[in-house]
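Working notes, structure below.
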Amino acid sequence: MFGRRLAIAGVTALVMAGMGGCSGGDAGAHGGGGGGGGHVSTVNGGTTPSPNTVSGLRDEVRHVSAVTTRATRPHLVRQCTDATRRVKHTGRTGSGKRRSARTWYTTDHYQRCGKVRHGTETYRRVTRPEHWCVRLDDVGGDRSHDDVWYRVTRTTYGDALGAHDHARLKFTPQGSGC
């Protein structure tokens, strides 16, 4: 048993050491150190990019604001009522042939609570959630693969917004299209 644990610990150490060597530290390792003012957005603060990572030249960014509408829903309030329940008690006395049981009842008072509808309330319902998009040219280094929109996180959008036009970007998209 101890030998198996030792082997598993050794394999785990090797995997962690291998993964530690993959994480980048400087911009030159990711292609952002060239003289063109390029900016690279790496995933998870510079850790190893996921298999869904895309790269290309920044073309355009777009912020699509959320659309909301007023709607109504039932207003639920907590309502409690006093209630009672009958509780059975049993007491045993004696032993052997002289053993007997005595039963008596008491009334337990408690509150029964639940949510009940009490009118309606208005609220803001989101019909289209807010999202951020980046359009890339030369996706994956293919010069013919241009004008591709990707949905991104707010932080990736901020990085792309601050980057120069046609700067090389690398990120993991939330989805395709905008």
Side-chain angles (χ1 to χ4, degrees), residues 7-80 113-178:
I8 291 173
V11 169
T12 304
L14 285 174
V15 169
M16 289 179 66
M19 289 177 65
C22 293
S23 63
D26 61 335
H30 296 290
H39 178 78
V40 175
S41 174
T42 56
V43 182
N44 299 330
T47 59
T48 307
S50 75
N52 300 331
T53 301
V54 295
S55 63
L57 302 179
R58 177 197 184 273
D59 189 17
E60 191 178 340
V61 293
R62 180 183 295 167
H63 172 239
V64 181
S65 60
V67 175
T68 60
T69 184
R70 285 175 53 109
T72 59
R73 62 184 170 205
H75 180 66
L76 301 175
V77 294
R78 182 180 160 135
Q79 186 177 43
C80 297
C113 298
K115 290 191 174 185
V116 295
R117 183 174 172 168
H118 189 71
T120 59
E121 63 183 2
T122 59
Y123 71 103
R124 302 296 296 177
R125 184 168 59 88
V126 177
T127 56
R128 182 186 69 199
E130 179 179 30
H131 56 271
W132 300 269
C133 302
V134 175
R135 187 167 76 181
L136 294 180
D137 286 340
D138 299 347
V139 176
D142 184 7
R143 292 189 180 271
S144 63
H145 202 187
D146 290 342
D147 300 328
V148 181
W149 282 102
Y150 294 103
R151 265 188 205 196
V152 295
T153 62
R154 185 176 187 164
T155 54
T156 303
Y157 170 81
D159 292 344
L161 188 63
H164 297 291
D165 200 24
H166 293 291
R168 181 152 300 279
L169 297 177
K170 189 176 195 179
F171 55 84
T172 301
Q174 300 276 306
S176 58
C178 190

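Just so it is clear, the values below take in all heavy atoms, side chains as well, and ignore hydrogens, waters and symmetry mates.
Of all heavy-atom pairs spanning Ala160 and Leu169, the tightest one is CB-CD1, 3.8 Å. Nearest heavy atoms, Cys133 versus Arg151: SG-CG, 4.0 Å. Nearest approach of Glu130 to Ala66, heavy atoms of both residues: N-CB, 3.7 Å. Counting all heavy atoms, side chain and backbone alike, His164 lies closest to Arg58 at O-CD, 3.4 Å. Between Thr122 and Thr72, the shortest heavy-atom distance links the atoms CG2-CG2, 3.6 Å. Listed here is the closest heavy atom pair of His63 and Tyr157: CB-OH, 3.5 Å.
Dense packing is recorded around CZ of Arg124, with more than 12 heavy atoms of other residues, nucleotides or ligands lying under 6.0 Å away.
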Does the pair His75 and Arg117 meet the rule for a side chain to side chain contact (heavy atoms under 4.5 Å, CB included), with working shown?
CA-CA 6 Å; His75 180 66; Arg117 183 174 172 168; over 6 Å; no

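How far CD of Glu60 is from CG of Asp137: 10.0 Å, rounded to the nearest 0.5 Å. The CZ atom of Arg168 sits 12.0 Å away from the NE2 atom of His166 when rounded to the nearest 0.5 Å.
In this structure, the side chains of Leu161 and Trp132 stay at 4.5 Å or more apart for every pair of heavy atoms. Under the 4.5 Å side-chain criterion, counting only non-hydrogen atoms from C-beta, Asp147 is in contact with Asp59. Contact check for Gln79 versus Lys115: no side-chain heavy atoms found under the 4.5 Å cut-off. Residues Leu136 and Phe171 are in side-chain contact: their nearest non-hydrogen atoms beyond the backbone lie under 4.5 Å apart. You'll find the side chain of Arg135 stays beyond 4.5 Å of the side chain of Val148, heavy atoms only.
Of the possible donor and acceptor atoms, one in the side chain of Arg128 sits under 3.5 Å from a partner among the backbone N and O of Ser65.
Using a 3.5 Å distance cut-off with no hydrogens or angles, the side chains of Thr172 and Thr53 do pair a donor with an acceptor.
For the side-chain contact (heavy atoms from CB on, under 4.5 Å) criterion with His131, the lone passing option out of Val64, Thr153, Val152 is Val64.
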